[in-house]
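Have a look at the structure below before the remarks.
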Amino acid sequence: MDIASKIDSIKKGTLEIVTEYELTEKIEKETPTAYIGYEPSGKIHLGHAITVKKMIDLQKAGFKVKILLADLHAYLNEKGSLEEIKAISEYNKKCFLALGLTEDTEFILGSRFQLDADYTYKVYELALTTTLTRAKRSMAQITRHQEDHRVAEAIYPIMQVVDMLFLDVDVSVGGMEQRKIHMLARENLSRIGFDAPVCIHTPLIHGTDGAEKMSSSKENFIAIDDPPEDIKEKVKGSFCPPRRVEGNPIIDITKYFIFSEFETIIIERPEKFGGDLKLNYSELESRYAEGKLHPLDLKNAVSKYLIEILGPVREYIG
RNA sequence: CCCGCCUUAGCUCAAUUUGGCAGAGCAUCGGACUGUAGAUCCGAGGGUUGCUGGUUCAAGUCCGGCAGGCGGGACCA
């Protein structure tokens with residue numbers, strides 16, 4: 001792969017790269033490193049999968065991929081006891097491999113290095129240069145608490161910044177909700193004399209209820225190992241306003257999960273509704289926007305394709 | 001450490017002055033209507049009233065203790 005096509009494949013489907021120029025520099029390194037951190041979660045869903053797919057793109061473009069299983073971060077965000085969290089991080093690792101990351105992906109449990117003295121010292125160092133307001137603001141879409149803020153909320157983003165340092169990463173990937181923490185990292189790492197990573201942000205997929213973000217806490221997700229009946233039921237029950245493409249979770253799924261695998265798809269329709277359709281994405285989008293594709297027909301097709309695409313994943317996880 | 005206010009359904013809050021069957025809105029679930037979902041209409045479920053001891057025929061309500069949250073004060077040689 002030449003550099004231009006590497007950039008293209010990395011850029012595809014992202015909302016922003018900060019900065020693209022720096023990315024071209026990093027790509028020329030012998031083995032550049034890309035990283036993402038996840039709070040271990042009982043369910044890995046399509047929202048997670050978007051970012052995992054991006055890590056796979058990076059892997060294919062020659063990046064060494066590191067996945068942080070951020071057990072301490074999850075702990076700071078009140079996801080359970082450290083022991084419970086460590087246990088589900090094993091399950092998560094399996095999910096990520098099932099989605100197609102290669103065996104030489106490096107999985108790192110956060111607590112393995114985040115309790116070391118030199119790590120802690122760096123956290124304190126950054127605690128001096130980070131304002132409480134910035135730290136809290138960066139956590140707005142991540143924390144459970146919109147009020148009664150805990151000190152943990154301020155430690156969390158600082159640790160994430162130090163992670164980038166200790167994992168020695170060239171590129172940091174995250175959904176758009178990570179943006180403010182990433183920007184904090186870029187500002188503060190340079191302040192204490194280190195290179196900040198390039199930040200790549202992927203879109204957030206809408207929840208099945210139409211909420212801004214699919215999340216495991218809100219029960220508005222489709223898990224990557226949901227059985228076919230559940231997928232069918234969840235798709236059927238999803239928010240899907242006719243003619244509206246923006247904020248439509250079903251359109252999100254077709255865009256990010258189905259057309260990433262297929263150039264064109266077949267939408268089966270009863271004869272009385274016009275018969276089958278064969279469409280590429282832009283055709284589908286414009287037809288839908290014009291009201292010439294009924295939400296139910298779209299949903300039926302999305303169920304069928306999504307069940308098929310997730311088949312091997314489901315099987316791998318067992 | 002001291003003082004004040006607060007804690008009731010998943011969430012926001014009622015249940016006053018004067019103790020008398022714990023309610024509403026939102027959310028959830030189910031039906032109706034749409035060839036989906038949503039919206040709308042109808043219906044249902046949902047509670048150790050923070051915990052604990054007491055007073056009383058009867059306590060969400062009154063009294064004591066504890067816990068948590070919010071605000072203030074004090075201490076600062």
Side-chain angles (χ1 to χ4, degrees), chain A residues 39 41-43 45-47 50 74-81 84 132-133 135-137 139-156 177 203-223 226-259 265-279 281 283-310:
Chain A
E39 285 184 24
S41 165
K43 279 293 171 191
H45 54 65
L46 298 182
I50 284 199
Y75 179 71
L76 287 172
N77 205 11
E78 295 170 74
K79 298 293 168 68
S81 75
E84 289 164 347
L132 208 43
T133 306
K136 269 162 63 179
R137 205 146 55 91
M139 288 293 286
Q141 295 179 70
I142 296 163
T143 179
R144 311 185 145 231
H145 300 279
Q146 294 312 312
E147 48 188 36
D148 297 344
H149 299 277
R150 311 298 149 100
V151 174
E153 239 177 274
I155 297 172
Y156 185 119
E177 84 284 357
L204 301 178
I205 188 167
H206 289 86
T208 54
D209 58 356
E212 197 64 32
K213 180 172 179 267
M214 183 175 283
S215 65
S216 24
S217 52
K218 288 180 73 182
E219 290 288 323
N220 65 358
F221 60 85
I222 294 175
D226 270 343
E229 318 82 69
D230 289 19
I231 294 176
K232 218 174 281 178
E233 204 174 305
K234 287 179 180 183
V235 168
K236 172 85 165 61
S238 287
F239 180 71
C240 188
R243 292 185 303 281
R244 217 178 88 199
V245 172
E246 286 303 314
N248 185 326
I250 299 300
I251 294 286
D252 281 356
I253 294 171
T254 59
K255 188 173 179 179
Y256 299 123
F257 290 94
I258 297 177
F259 283 102
I265 65 169
I266 302 213
I267 292 177
E268 295 172 32
R269 293 193 300 191
E271 279 308 320
K272 65 167 173 170
F273 295 130
D276 295 0
L277 284 171
K278 183 180 178 191
L279 302 170
Y281 181 70
E283 289 166 343
L284 181 143
E285 192 180 292
S286 55
R287 261 186 177 271
Y288 191 80
E290 289 163 19
K292 292 180 188 164
L293 172 57
H294 191 277
L296 185 55
D297 293 323
L298 175 64
K299 281 183 172 180
N300 288 334
V302 164
S303 282
K304 183 174 154 250
Y305 278 96
L306 194 58
I307 287 167
E308 181 187 330
I309 289 164
L310 292 177

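All chains are named by letter (A, B, ...) in the order of the sequence lines, taking the proteins before the strands, and each is independently numbered beginning at 1. Remember, it's a predicted structure, so these values are computed and weren't measured experimentally.
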So what does Lys299(A) touch, heavy atoms closer than 4.0 Å: a base, only the sugar-phosphate, or nothing?
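The answer is base, as Lys299(A) lies within the cut-off (heavy atoms under 4.0 Å) of a base atom.
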By nearest nucleotide on RNA chain B, pick out whichever of Phe239(A) and Asp209(A) is the more 5' one.
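Counting from the 5' end, the first nearest nucleotide belongs to Asp209(A).
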Can you pull the contact range of chain A along RNA chain B, 5' to 3', using atoms under 4.0 angstrom from its heavy atoms?
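From 5' to 3', the first and last contacting nucleotides are G35(B) to C70(B).
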Enumerate, atom names and distances included, each donor-acceptor pair closer than 3.5 Å involving a side-chain atom of residues 207-215 of chain A, sequence neighbours excluded.
unit_1	atom_1	unit_2	atom_2	d
Thr208(A)	OG1	Asn220(A)	O	3.2
Asp209(A)	OD1	Ala211(A)	N	2.9
Asp209(A)	OD1	Asn220(A)	ND2	3.1

For residues 251-258 of chain A, which side-chain N or O atoms pair as donor and acceptor with protein atoms under 3.5 Å away, sequence neighbours left out?
unit_1	atom_1	unit_2	atom_2	d
Asp252(A)	OD2	His206(A)	N	2.9
Asp252(A)	OD2	His206(A)	ND1	2.7
Thr254(A)	OG1	Ile251(A)	O	2.7

So, using side chain to side chain donor-acceptor pair (under 3.5 Å) as the criterion, who are the partners of [X] when residues are at least two apart?
X         : result
Glu78(A)  : His145(A)
Lys234(A) : Asp226(A)
Glu285(A) : Tyr281(A)

Using the [atom1] atom as the reference point in each nucleotide, state the distance between [N] and [M] in Å, no decimals.
N      : M      : atom1 : value
G47(B) : G73(B) : C1'   : 38 Å
A15(B) : C75(B) : P     : 39 Å
C21(B) : C26(B) : C1'   : 26 Å
U7(B)  : G50(B) : C1'   : 6 Å
U61(B) : A9(B)  : P     : 15 Å
C63(B) : U55(B) : P     : 15 Å
A58(B) : G53(B) : P     : 16 Å
G43(B) : G4(B)  : C1'   : 46 Å

Please output the side-chain donor-acceptor pairs of residues 291-302 of chain A that fall under 3.5 Å, not counting sequence neighbours, one pair per line with the distance.
unit_1	atom_1	unit_2	atom_2	d
Lys292(A)	NZ	Glu290(A)	OE1	3.1
His294(A)	ND1	Leu296(A)	N	2.9
Lys299(A)	NZ	Lys236(A)	O	2.9
Lys299(A)	NZ	Ser238(A)	O	2.7
Asn300(A)	ND2	Leu296(A)	O	3.3

Please give the stem ranges for RNA chain B, sorted by first residue number, where a stem is three or more consecutive Watson-Crick or G-U pairs and both donor-acceptor distances are under 3.5 Å.
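Runs of three or more consecutive pairs: B:1-7 with B:67-73, B:10-13 with B:23-26, B:28-32 with B:40-44, B:50-54 with B:62-66.
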Arg150(A) vs Tyr156(A) side-chain heavy atoms within contact, under 4.5 Å:
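No, their side chains stay 4.5 Å or more apart.
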Do Leu204(A) and Gln141(A) make a side-chain contact, defined as non-hydrogen atoms from C-beta onward lying under 4.5 Å apart?
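Side chain of Leu204(A) against side chain of Gln141(A), heavy atoms only: contact under 4.5 Å found.
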Counterpart residues, salt bridge (charged side-chain N to carboxylate O under 4.0 Å, His left out), relative to Glu308(A) (two or more places apart):
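For Glu308(A) there are no salt bridge (charged side-chain N to carboxylate O under 4.0 Å, His left out) partners, ignoring immediate neighbours.
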Could I get the full list of salt bridge (charged side-chain N to carboxylate O under 4.0 Å, His left out) partners for Lys304(A), not counting sequence neighbours?
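So Lys304(A) forms a salt bridge (charged side-chain N to carboxylate O under 4.0 Å, His left out) with Glu268(A).
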Mind checking side-chain contact (heavy atoms from CB on, under 4.5 Å) for Ala140(A) and listing every partner two or more places apart, or none if nothing turns up?
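Not a single residue meets the side-chain contact (heavy atoms from CB on, under 4.5 Å) criterion with Ala140(A).
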Please list, in numerical order, the residues of residues 240-249 of chain A that have a heavy atom closer than 4.0 Å to any atom of RNA chain B.
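Within residues 240-249 of chain A, the residues near RNA chain B are Cys240(A), Pro241(A), Pro242(A).
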